[in-house]
Structure formats: C-alpha cells, structure tokens
Number of protein chains: 2
Amino acid sequence: MVTLEDVARQAGVSLATASRVLNGSTRQVGADLRARVERAADELGYRANMAAQTLARGASNVIGIVVHDLTDPYFAALADGAMRAAAGEGLLVMVGTTHRDPEQEIAYVATMNAQRVRAVLLAGSRVSDPEVTGRLRRELDRYRASGGRVACVGQDLLGVDTVAPANYEGGAALARSLAGLGHTRFAVLAGPPHLMTARDRCAGFVAAVEELGLPEPRVVHGPFDRDGGYAAAAETGDATCVFAVNDVMAVGALASYRDRGVRVPDDVSVAGFDDIATLRDHVPALTTVRLPLADMGSRALELALAAGETPTVDHVQGEVVLRESVRDVR
Amino acid sequence: MVTLEDVARQAGVSLATASRVLNGSTRQVGADLRARVERAADELGYRANMAAQTLARGASNVIGIVVHDLTDPYFAALADGAMRAAAGEGLLVMVGTTHRDPEQEIAYVATMNAQRVRAVLLAGSRVSDPEVTGRLRRELDRYRASGGRVACVGQDLLGVDTVAPANYEGGAALARSLAGLGHTRFAVLAGPPHLMTARDRCAGFVAAVEELGLPEPRVVHGPFDRDGGYAAAAETGDATCVFAVNDVMAVGALASYRDRGVRVPDDVSVAGFDDIATLRDHVPALTTVRLPLADMGSRALELALAAGETPTVDHVQGEVVLRESVRDVR
DNA sequence: ACCTCCCCGGAAAGCGGTTGCCCAGTCTTG
DNA sequence: CAAGACTGGGCAACCGCTTTCCGGGGAGGT
C-alpha cells in the first residue's frame, strides 16, 4: 500500500508539498517540485486514501441513497436520476436497498451517518406506522444534528426536504379521465393498506369517483408488486375499469386477465401509475399517470445539497397518459 | 459532531474502554462500565466515524459495484444479486454507473481504490478496444497490488475472477432451437460491433446456423438498447426469424414490427437474450435465453471475496426458453 | 543598502478511531 | 501462603492525510 509519505520520500519533498500537489490546495507549488511529485506518484501507483482524507478534511464526497428495491424500475429510475446529478457534482454514491423493510431503512440511515456521507436520499413510500416513522425520524435528526443533509422522495412526513409526487391528485385526475370515457363501475388494486403512496393514489381515485356521483369503487388490497396485481385482478367483480396503483401491478393484472381470457380493453379497461419506461412497449399499451422519475431523483439531490433553512416540499404533478389499455365506452 | 472521546468523558472511562464497548473487540469490559458507556453513547447520539475506523483498522466494509446503467434491468438484477450477497456479509455497497463510457469505468476503479473498498465488481460487457482494456487492466492491477479484490461479470479478459455467461453457447443453442422449429432465414440484431457480449451472442448464433448448413444470417448492427432494436428491426429483410442479442432490444424490435403491421410470430419470429423479469409479461411472450442474473451477481461477490490464488472463471449456462414470440413453421 | 512583502517549503498538530502493551487487582493452584 | 495466571482498565502510538504556522529567500520599494 503506497502512501503519500512514500511519494514524498521518493520525490524528496515533504508530506505537505506532496499533499498540495496531489490533492489540490489553494497553495501553489513550484513547477520542478510539482513535476517531481507527480512523477513519483505515478511511478509508485499512488492513490490517495479517501478514508484518511475524509477524516482529515472532516467531510466526504459521498452521498447515500436508500431505496426499497433496485430491480423495481421505479426505484431504478429515481436512483439513476439522483446518480447522474451526483456525478455532476463530483459526488460518489452509496446505495442501500431495504427490500421494503422499514427497520433496514433505519439501519441504513445509521450506517450512512457513520459514513459521514454528505447527504442521504430516502426514496420510497413511507409507511403509516407512527412508531416506525418516529424511530426513522429520530435517526434522521441524529444525522442532521451532526451536519448531515436529508431529502426524501415520497411523503412529506419526516420534516425534511421532500420531493412529493402528487399521488392523490394523480389518482383523482386519472379517475376523471376514465370517467370521461364513460366508465362508471371501477375497481382499485390498492396495494398494501399501510403504504402511503398506495393509499394516496387510491384515495384520490376513490374521492374523484365519488365526487362525480358514481358508485364507490371496489377496493382490493394486496402486495405492491406484479404478483400482487395478478392476484388482486381476480377480484375485480363486474368493474369495467380497473386502476392498479402502480404500473408493475397493472402489468400483473393484465397478465391475470389474459390468462383468464378476459380481453383488455374490450372486456375491462386497465390503468396504472408511474409510466415506467421499460413497460412502455407493453401490449396493450398501458394507460397511466406519468411521473418524471429521473428528474425527481436529481431534484431530491439538489434539495438535499441546498442549504435550506426550513424544509422545502416540491410537489410534482403527474400527467395522465391515455393508451390502449382503456376503452372509450361512450 | 459527537466523538468517542465525548462518550468516554461522559461515561468517565478511557477512550480504549469506550472503543471496546461500542465497536466490538475481543477484549471484555466489565458490566458496569459497559452499561455506563452504552448509556452515554445513547444519550449523546454517538455514531462511530467510519472514515476513522477504516483508517485505523486499515480495512473498510464497503464494496464497489460498477455497472453501465441501473435503469437497464439486466444490470439492476445483477446489482441486486450482488447487494443481497453483500448485505449477508455485512458489507455496504457503493455503486457507480458508467453509462457505457469505458473511461468512466476506469475512473470508478481508481475512485474505489481510493476508497479502499474491500472488493470491486465490474459488471457489464467489456469492449474489444485493447488500448482501453489495457488501461482498465492497469488500474485494476494497481488496485489489486494494494490488496484489493476484483471480480467481473462478463468476459474473461482482465485476468481476474470472472462470472462468464455462456454467451456464445447460448446464442448457438438458441439458433439450434429455432432451426428445430423449421426456420431457415435468420437475421441478427447484433448491437454494437465492439461490445463483446453482443459479439459473442451473435457469433454463437451465426456459427450454429452455418453449422446446420443454413444460409448465413443477415447481421444488423446498432445500439444495444430498446431504440437500437427498434431501428435495426427495420432492416431484417426477408428473414422469418430474428434474434436480438438482448431482451430489451427484442422488445424494441417487437414494437417496430407492431408499428409496421408485421405480425409476430405469424410473419416473423423474434427471440431475445437474458430473460429479463420485468419483461416476462410482454405480449407476445418473448423467446429468450435465460440467465440467472441475481445468482451471477452474488456469485461474483463470492468470487471476489474468496482468497483465490489463480483467477477462477465461472461459466454460467443460459437456458433456452421458447415462448410465443416464435412460431413453429414445420 | 535596507526593509517589507510575498511566495513557497517544511514541521507538526490534529482528524477519530484501534490496539499493543503495561499494570493493578483478583483468582487459581501446588 | 506464595507464585503464576487471568481480567479488565488505561496510556499512548499509530492509521494517512490536511492544514496551520513558521521561516528562509528573492523581488520590489524607497
């Protein structure tokens, strides 16, 4: 392991000079010494020890991102947006995946605190359990107390900078669009009852439907993933239009209908939420609410890095995208 | 920022004792002192500074993963597998995305070396440019010279532990299966010419076709992504069966045919490679070569962590999965 | 010719932990 | 009961780098 000292010795200069040459400094170093140091470093294959730099400088150039599941394209897109933004700032990214375990999320915040990362981004839905949220919040406070910055994508209930997708409004807008096509009997594949994102989307949808004076949608709960959508789709009764609270579930629902010989959109219309890029070529093309996921990720990083006294909440609107998975029944 | 010293002072013990209580050690500490330290740490909200620990211990508990693109489900699955394995070992993961820029890949290796990560996993196809590969290799050697471990998913040309999907054999097996269905006129959406993974899959396919005495497939190059597949599909001539060297391209090709009114599989059969989970509900269901991506990711981590004198190369076979996107023309 | 100021090099004090070593007290054990 | 074996606590020397402060020497001013 070659250290700065080795380089300095080989170059015949002091540690200070070598440090100034190799790792940036306001101070100038004479051209000849500078060249000597650079040559020595190159010959020896020197790489600065970042742990030492972090310790000495008291600040690291790493940020942390905590997501539920990288194989879920929703989080992948979010993470990618944040990582591009981070790369633009010269920051490295440390990623944690919780696989939807809130305890893991708390543990990751603690770990990233220990890493003294510059900022932590929490992506993914909060759960409604106040006890868990409280513990997470305490852990975040502890981190912020020592100078850490935090931003969150999802619900605004941690008292930190947040990029909040308009889940409720998106659900409502979608409901109005679908009703506009003449649908009256709706069902919602609502995901887990405690997951805020799922709940808000569902609630917005249901509220809008009722506001239009239409019959209350049947709400079917289940897991938030493809298989959850598949299973829940079996219980949509006589609804002519089904809203799955995310695209991945919607795709599961489509598969379920296909397997059972139910035609989409002829027999039943299906809509999702998120507009996942990987799923855009699905047949039938999925009606959905588009969220600018990559932008949301990079925006979250911006928020975290900006000084911000009082927490900013960025509401981002979704855009209803009507595609062939829904039928105009007027 | 609360330090160990603060905790020690508050607990009225020495630094050494506090360290032994809080950050594990072979040495025992008396029950009363232990309790005092723990209480103090909790009251103060102490979190060990990992940079300091890394420096003092001379080893970090972080591993690095370098992928091309997280939003590509292939890499997401690989990364997820590796991350699960890492979590099982109590390791944290630092992720770098190169967006297919080989220079970025080299830069990330340098950075992760600086971070003194325990191991680096390089996922994603190597390119055939020997100059770039040489520089990457030198950077890796530099890292390994200082005790770093490296494993790679893809081609075995860096002289490190490698998980090598049998791209050539997979392509060949697929060709034989398709020929077995009676197809004779093939085309290959071959991706970029310099990308090893794409090249191997294509080469295996072409070789098997020729070995069967069938006419040489038409090979169309283009980008390795969805749009590349879409564009290339326009140039498949009179082929009755088209092999896209990955699933994402295949989906692009399907979209292209759909847009042009070419029916799949009636007019043309389409096959991909990888068996991406997110795409399994695609219609028509994609014939492909299944790769156990998550396993490959975790296996790569294992290889990297194992002591291994001479580099191990793990060949992983793909499995042809016939689905509706190909037609039996016998 | 002298003084000041600036520029650049080096010595050394941290940054926040870990751990080898010494030491006092308590336990065995012959 | 003396002597060796443990136990558990603390001191202090690092780990590799940054940065403050000090000093020497050359340039510029008078």
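Quick note on labels: first sequence line is chain A, next is B, and so on, each numbered from 1. Heavy-atom basis, side chains included; hydrogens, waters and symmetry copies ignored.
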Does a side-chain N-to-carboxylate-O contact under 4.0 Å join B:Glu139 and B:Arg135? no
Does this structure show an ion pair linking A:Arg100 with A:Asp225, if we count only N-O contacts that are shorter than 4.0 Å? no
Distance check needed: D:dG16 P versus B:Asn113 CG, whole Å only. 14 Å
Test B:His194 against B:Ser128 for side-chain hydrogen bond (donor to acceptor under 3.5 Å, both in side chains), laying out the working first. CA-CA 5 Å; B:His194 58 275; B:Ser128 51; over 6 Å; no
Quick one: A:Asp32 CG to C:dC7 P, roughly how many Å, whole number? 17 Å
Given atom CE of B:Met50 and atom C1' of C:dC15, what is their separation to the nearest angstrom? 17 Å
Tell me whether B:Arg39 is salt-bridged to B:Asp42, with the criterion being a basic N under 4.0 Å from an acidic carboxylate O. no
Of all heavy-atom pairs between B:Gln155 and B:Cys152, which one has the smallest distance, and what is that distance? O-SG, 3.8 Å
Give the minimum heavy-atom separation between A:Met296 and A:Leu291, together with the two atoms involved. SD-CG, 4.0 Å
At under 4.0 Å between heavy atoms, what does B:Gly30 touch on the DNA or RNA strands: base, sugar-phosphate, or nothing? sugar-phosphate
Could you tell me how far apart A:Leu22 (CG) and D:dT19 (P) are, to the nearest whole angstrom? 14 Å
Protein-proximity profile, nucleotides 16-22 of chain C, B/S/- by nucleotide at the 4.0 Å heavy-atom cutoff, equals BBBBBB-
How many Å lie between CG on A:Asn61 and P on D:dT18, as a whole number? 12 Å
Separation of atom CG in B:Leu33 from atom C1' in C:dG25, rounded to whole Å: 14 Å
